[in-house]
Number of protein chains: 2
Amino acid sequence: MLGEKLKELRESKGLLQRQIAAELEVDTAYISKIESNEKPLSRIHLKKMAPLLGIEEEELLILWLADKLFDMAKEEVVGLKALEEAKKELGKILK
Amino acid sequence: MLGEKLKELRESKGLLQRQIAAELEVDTAYISKIESNEKPLSRIHLKKMAPLLGIEEEELLILWLADKLFDMAKEEVVGLKALEEAKKELGKILK
DNA sequence: TGATACTTGTCCGGTAAAGGTCAAATATAA
DNA sequence: TTATATTTGACCTTTACCGGACAAGTATCA
């Protein structure tokens, strides 16, 4: 999931939650919850966070969206099929 | 999208919105909006609707979920990549 | 011109989720 | 032990969405 990834990235950069929190101007508790998937990461925070964590915004965006899609799909037995169907559909309109 | 599909199915069965509405115990306006994707189809309504439309609930469920996934993914440029990533991830935990 | 089907706009109450904060509890390291 | 980092739980406010209803408008056809 996304939270773990964010934590990994942060730690690999030797950063403290406090420092991230400061940049985003929020409480460290909030960051902690994002890293434990208790609170979602908003797109705005994502944007601010990417450079701090040394990851391309687009790459993080893929992870972020994939995480949300995964979350939805896993709730249903037909999740995998639905993902395939959605992919097919999106492929169509993109061409 | 899902709404159009529901409408097709209904018409192919020669049913009126009024009849569907009666079964679901709602207003026809509400059905109309579902068919025009103005209101989402709830899982409960989906369940009731499937037999009326002569479609397997599971099949409708796939369409329904795929539609929601598609909707999310299409908002981002990286939507397709995210769908792939999500699929990969879900495949993993399913094995 | 009716009648019937459908659509569209507006409104509404309830619920849930987002986006936090704060205090207190825990871990960890010096 | 003390300081610093993180987690957890309770709470709060605001916003968004859901599931509808209702009235009025439009389309179609006999």
Side-chain angles (χ1 to χ4, degrees), chain A residues 1-50 52-54 57 60-61 63-76, chain B residues 1-50 52-53 57 60-61 63-76 82:
Chain A
M1 305 253 317
L2 188 64
E4 290 81 346
K5 184 72 187 177
L6 294 172
K7 184 161 198 168
E8 274 173 37
L9 287 168
R10 177 176 59 79
E11 288 176 343
S12 81
K13 285 256 153 186
L15 292 169
L16 300 175
Q17 287 187 352
R18 208 188 63 235
Q19 298 176 275
I20 306 288
E23 290 290 330
L24 306 202
E25 297 175 286
V26 296
D27 199 328
T28 78
Y30 189 43
I31 302 297
S32 171
K33 284 171 190 180
I34 288 172
E35 286 185 354
S36 61
N37 304 302
E38 205 176 321
K39 295 284 180 179
L41 176 65
S42 73
R43 277 228 42 181
I44 289 172
H45 288 335
L46 183 156
K47 195 159 198 152
K48 289 186 184 171
M49 225 179 248
L52 302 176
L53 301 182
E57 187 187 331
L60 189 51
L61 192 52
L63 264 32
W64 174 81
L65 184 51
D67 199 67
K68 293 207 296 173
L69 294 167
F70 173 89
D71 250 37
M72 283 202 46
K74 71 160 195 255
E75 297 302 321
E76 305 285 349
Chain B
M1 304 256 317
L2 188 63
E4 290 81 348
K5 182 73 186 178
L6 294 172
K7 184 160 198 167
E8 274 173 38
L9 287 168
R10 176 176 61 79
E11 288 175 343
S12 81
K13 285 255 151 185
L15 293 168
L16 300 176
Q17 287 186 350
R18 184 170 32 87
Q19 298 176 275
I20 306 285
E23 291 289 331
L24 306 202
E25 296 173 286
V26 297
D27 199 327
T28 78
Y30 189 43
I31 303 297
S32 171
K33 283 172 188 180
I34 288 171
E35 287 184 352
S36 62
N37 304 301
E38 206 177 320
K39 294 283 182 180
L41 176 65
S42 74
R43 277 231 42 183
I44 289 172
H45 288 336
L46 182 155
K47 195 160 200 155
K48 290 187 184 170
M49 225 178 247
L52 302 176
L53 301 183
E57 187 187 331
L60 189 51
L61 192 52
L63 263 31
W64 173 81
L65 184 51
D67 199 67
K68 293 207 296 173
L69 293 167
F70 173 88
D71 249 36
M72 282 203 46
K74 71 161 195 255
E75 296 303 320
E76 304 285 349

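The analysis underlying the following values was restricted to heavy atoms, covering all of them including side chains, and did not include hydrogens, waters or symmetry mates. Not measured: the values here are computed from a predicted model. Order of the sequence lines fixes the chain letters, A, B, ..., with proteins taken first and strands second; residue numbering starts at 1 for each chain.
Applying the side-chain hydrogen bond (donor to acceptor under 3.5 Å, both in side chains) rule to pairs touching residues 29-38 of chain B yields B:E4-B:N37, B:R10-B:E35, B:Q17-B:E35, sequence neighbours excluded.
Put simply, the side chain of B:L6 reaches to within 4.5 Å of the side chain of B:L60, judged on heavy atoms. The closest side-chain heavy-atom distance from A:L16 to A:I20 is not below 4.5 Å.
Near DNA chain C, defined here as any heavy-atom distance below 4.0 Å, the residues from residues 27-42 of chain B are B:T28, B:A29, B:S32, B:K33, listed numerically. Contacts between residues 1-19 of chain B and DNA chain C, defined by a heavy-atom separation under 4.0 Å, are made by B:K7, B:R10, B:L16, B:Q17, B:R18.
In 5' to 3' order, the nucleotides of DNA chain C bounding all contacts with chain A (an atom under 4.0 Å from a heavy atom) are C:dA18 to C:dC22. First and last contacting nucleotides of DNA chain D toward chain A (any atom under 4.0 angstrom from a heavy atom, 5' to 3' order): D:dA5 to D:dA10.
Axis angle, first five pairs versus last five pairs of the helix from C:dT1-D:dA30 to C:dA30-D:dT1: 30°, rounded to 10°.
Atom CD of A:E25 and atom NE2 of A:H45 lie 10.0 Å apart (nearest 0.5 Å).
Remark: B:D27 pairs with no residue by the side-chain hydrogen bond (donor to acceptor under 3.5 Å, both in side chains) rule, at least two apart or across chains. Shown here are the side-chain hydrogen bond (donor to acceptor under 3.5 Å, both in side chains) partners of B:K47, two or more places apart in sequence or in another chain: there are none. B:R43 pairs by the salt bridge (charged side-chain N to carboxylate O under 4.0 Å, His left out) definition with A:E76, B:E57, not counting sequence neighbours. Residues meeting the side-chain hydrogen bond (donor to acceptor under 3.5 Å, both in side chains) test with B:E11, sequence neighbours left out: none. Under the rule for a side-chain contact (heavy atoms from CB on, under 4.5 Å), the partners of B:A21 that lie at least two apart in sequence or sit in another chain are B:V26, B:T28, B:I31. Here B:K48 pairs with nothing under the side-chain hydrogen bond (donor to acceptor under 3.5 Å, both in side chains) rule; sequence neighbours left out.
Of the possible donor and acceptor atoms, none in the side chain of A:W64 sits under 3.5 Å from a partner among the backbone N and O of A:L2.
Scanning all heavy atoms of the two residues, the minimum distance from B:A82 to A:A66 falls at O-CB, 3.5 Å. Here the shortest heavy-atom pairing between B:K74 and B:D71 reads NZ-OD1, 3.1 Å. The two residues B:M72 and A:L69 make their nearest non-hydrogen contact at CB-CD2, 3.9 Å.
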